[in-house]
Protein chains: 2
Amino acid sequence: MRHLCMPQGLPAEDVPRLEALICGARRVRRGEALYRSGDRFDNLYAVRTGSLKTMIVHRDGREQITGLRLAGEALGLDGIATDVHAFSAVALEDSSICTLPYGALKRLCREVGTMQDRLHRLLGDQFNQEASQMMVLGSLSAEERVAAFLLDVSERNWERGYSHAEFHLRMSREDMGSYLGITLETVSRILSRFQKRNLIDARGKLIRIVDIDGLKDL
Amino acid sequence: MRHLCMPQGLPAEDVPRLEALICGARRVRRGEALYRSGDRFDNLYAVRTGSLKTMIVHRDGREQITGLRLAGEALGLDGIATDVHAFSAVALEDSSICTLPYGALKRLCREVGTMQDRLHRLLGDQFNQEASQMMVLGSLSAEERVAAFLLDVSERNWERGYSHAEFHLRMSREDMGSYLGITLETVSRILSRFQKRNLIDARGKLIRIVDIDGLKDL
DNA sequence: CGGTGCTTTGAACACTCTCAACCGCCGTGG
DNA sequence: CCACGGCGGTTGAGAGTGTTCAAAGCACCG
C-alpha cells in the first residue's frame, strides 16, 4: 500500500506531476517543531506517519492548541495569508512529513485545473474544520466537548483505514484541555466518568471506544 | 472614492479583468439570507454596503454565529470544500452585495498569477480569522471576549477608513453572545460594566469606544 | 531506585448560566 | 391619539458547571 499524502481524488494522469514536487520525507522527533509561528511560509506539508499538534502562541506566553493532524492529513496552510506561519506545528511522536514547495504547487495549479480544485478544497476543508471547532467551543458543555473530540478522532482514524474503536491519542490531557477550552483536570475527570459509564476504556494514551452511540448521545 | 470590493493589492492592469466578472450588486434586506446552509455554492460575495452575520445551524436546531462581515469584506468561502454552503449568511441591515461567479474566478486565477495569490490570501485570511476566534472562545473570560470583539470590530472599521472609536454594531445581544460563546445576559451585563468604568459609551446599537487602551488591558 | 512529568482525585471557590421580572421602544390597530 | 402587544435589552437572585489549588498516585527513564 503506497503512502499517498495528498492526491486523493486527483485523476491518475495528474498524480505524477504532483509527486514530482514532493520533496523527500522529513523526520521530526517527538516534541520538535516542524515549523514555528513567525517562520517564513514556503511549504505545505502532509503527515506521512505519526501525528502533530498545531498551536497559537499568545503574546503573554499563553498557548492554545488549534488542531491535531494525523497521518495522511495536510498541514501548513496557516501561512498562506501572510507568508508567515500563524501556528506552530509540533510532533506528538516521531513523525515523517512530506514537503510540498508552495511556489511550485501554485504554478502547477495554474496549469492543472484538477490540482487547483484539490488545493481549494483542502483550504476549504480546514476552514470548515475550524468552523466546527468554533461550534464545539462556543456551545457545548465540557462533557460534550470531550465526546465530540473522541468521535472526531475516531472518525478520522476510520477514514484512513484504521480502527474506529481503538487508537493512540498522543496528546497530553493538558493539550486536549487547551484544544477544547477546558482545564486538564476537567478532561481527566470526564474521561474517568466516561470510563465508569462504560462508554470508553482509556489506558493512558490508548483509547478504546466501547459505546460509540452512547458518546454520540452526549 | 470607488467601491473596491475585493481587489486590494491587485496590480492595476489586472483589475479590469476581475471587474468584468463581478455581477451587478444584489440587494438583501435586513433579516433576509444571502445564502443558506445547504445551498449550492456558486459564487463568492463581497459586501458593498451594510453588514451580515454568518452562522451554522446545528441538527438540533441550535444555531451559532460564526462571523460578522462588514462593508468591504468577502463572504461565501464556506462552500469551497464541498460545493455546498456550510454557513448561512443573513443581512443585519439592508445591504448590497457584489457577486463573483466562482467558476469564472477559478479560470481567471489560472491565467493571472496575482489573482491566484489574492484568492489564496483571502482564503488564508478567513482561516486565520477563525483561528483567532478559536483562541477567543478557548481561553478568554467573558469580559475579555466582549472586549476583544469590540476591538476587532473597531479595527476592521478603521481598516476601511471609518472611525476607530464609533460604529453601529447591528448584531443583537443574542447574536453577540452566540458568537462569543456566552449568553445574551452576560453580554448585556458586561457592556453595562464597561460603561460604568468609562471604557465605552453604548447607546443601543451605537457603540463609542472611550478608552481603547483600557479595553486592550482587559 | 529515585527522580521528573503526567494523571487522577478531592474540596472550596468563582464565574457564568438560568429563570424571572421589568423597562423602553416601535408598530399596529382600535 | 392612545392602548396594546411584541421584541430586545437590562438587571437581580440563586443554581450549577468548571476552575483553582492541593495532594497523592503512577509510569517512564536515567
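Nothing here was measured: the structure is a model prediction, and the numbers come from that model. The sequence lines fix the lettering, A, B, ..., with proteins before strands; numbering per chain opens at 1.
Residue-level contact check: B:Ser192 touches the backbone only, with heavy atoms under 4.0 Å from sugar-phosphate atoms and none from bases. The residue B:Ser188 sits close to a base: some heavy atom pair falls under 4.0 Å. Backbone-only contact: B:Ile182 has heavy atoms under 4.0 Å from sugar-phosphate atoms and none from a base. Contacts of A:Thr186 with the nucleic acid, taken as non-hydrogen atoms under 4.0 Å apart, include base atoms.
For B:Asp175 and D:dG8, the CG to P distance is 9 Å, given to the nearest whole Å. The interatomic distance linking B:Arg203 (CZ) with D:dT10 (P) rounds to 13 Å, in whole Å. Between the CD1 atom of A:Ile190 and the P atom of C:dT8 there is a distance of 12 Å, rounded to whole Å. Residue B:Phe194 contributes atom CZ, which lies 13 Å from atom P of D:dT10 at whole-angstrom precision. A:Leu184 places its CG atom 19 Å from the P atom of D:dG25, with the value rounded to the nearest Å. B:Glu185 has its CD atom 14 Å from the C1' atom of C:dC15, to the nearest Å. In this structure, the CG atom of B:Leu169 is 14 Å from the C1' atom of D:dG8, given to the nearest Å. Counting to the nearest Å, the P atom of C:dT8 and the CZ atom of A:Arg193 are 13 Å from each other.
At a threshold of 4.0 Å, the pair A:Glu143-A:Arg197 counts as salt-bridged, since one of the basic side-chain nitrogens sits closer than that to a carboxylate oxygen. Here B:Arg173 does not pair with B:Asp175 in a salt bridge; the nearest charged N to carboxylate O distance is not below 4.0 Å.
Below the 3.5 angstrom threshold, one finds no donor paired with an acceptor across the side chain of B:Glu174 and the base of D:dC7. Within 3.5 Å, a donor on the side chain of B:Arg189 pairs with an acceptor on the base of C:dT18, or the reverse. Judged by atom type and distance alone, B:Glu143 does not reach the base of C:dC15 through any side-chain donor-acceptor pair under 3.5 Å.
Atom CD of A:Glu32 sits in a crowded spot, with more than 12 heavy atoms from other residues, nucleotides or ligands closer than 6.0 Å.
For B:Lys205 and D:dG9, the shortest distance from a side-chain N or O to OP1 or OP2 is below 4.0 Å. The phosphate of C:dT16 has neither OP1 nor OP2 within less than 4.0 Å of any side-chain N or O from B:Thr183.
Aromatic ring pairs are classed by plane angle as parallel below 30°, tilted from 30° to 60° and perpendicular above 60°; the pair A:Tyr35 and A:Tyr45 is parallel.
Among A:Glu93, A:Arg170, A:Arg30, the one residue that satisfies the side chain to side chain donor-acceptor pair (under 3.5 Å) test with A:Ser51 is A:Glu93.
Set against C:dG10, C:dT7, D:dG9, the side chain of A:Arg173 has C:dT7 as its closest nucleotide.
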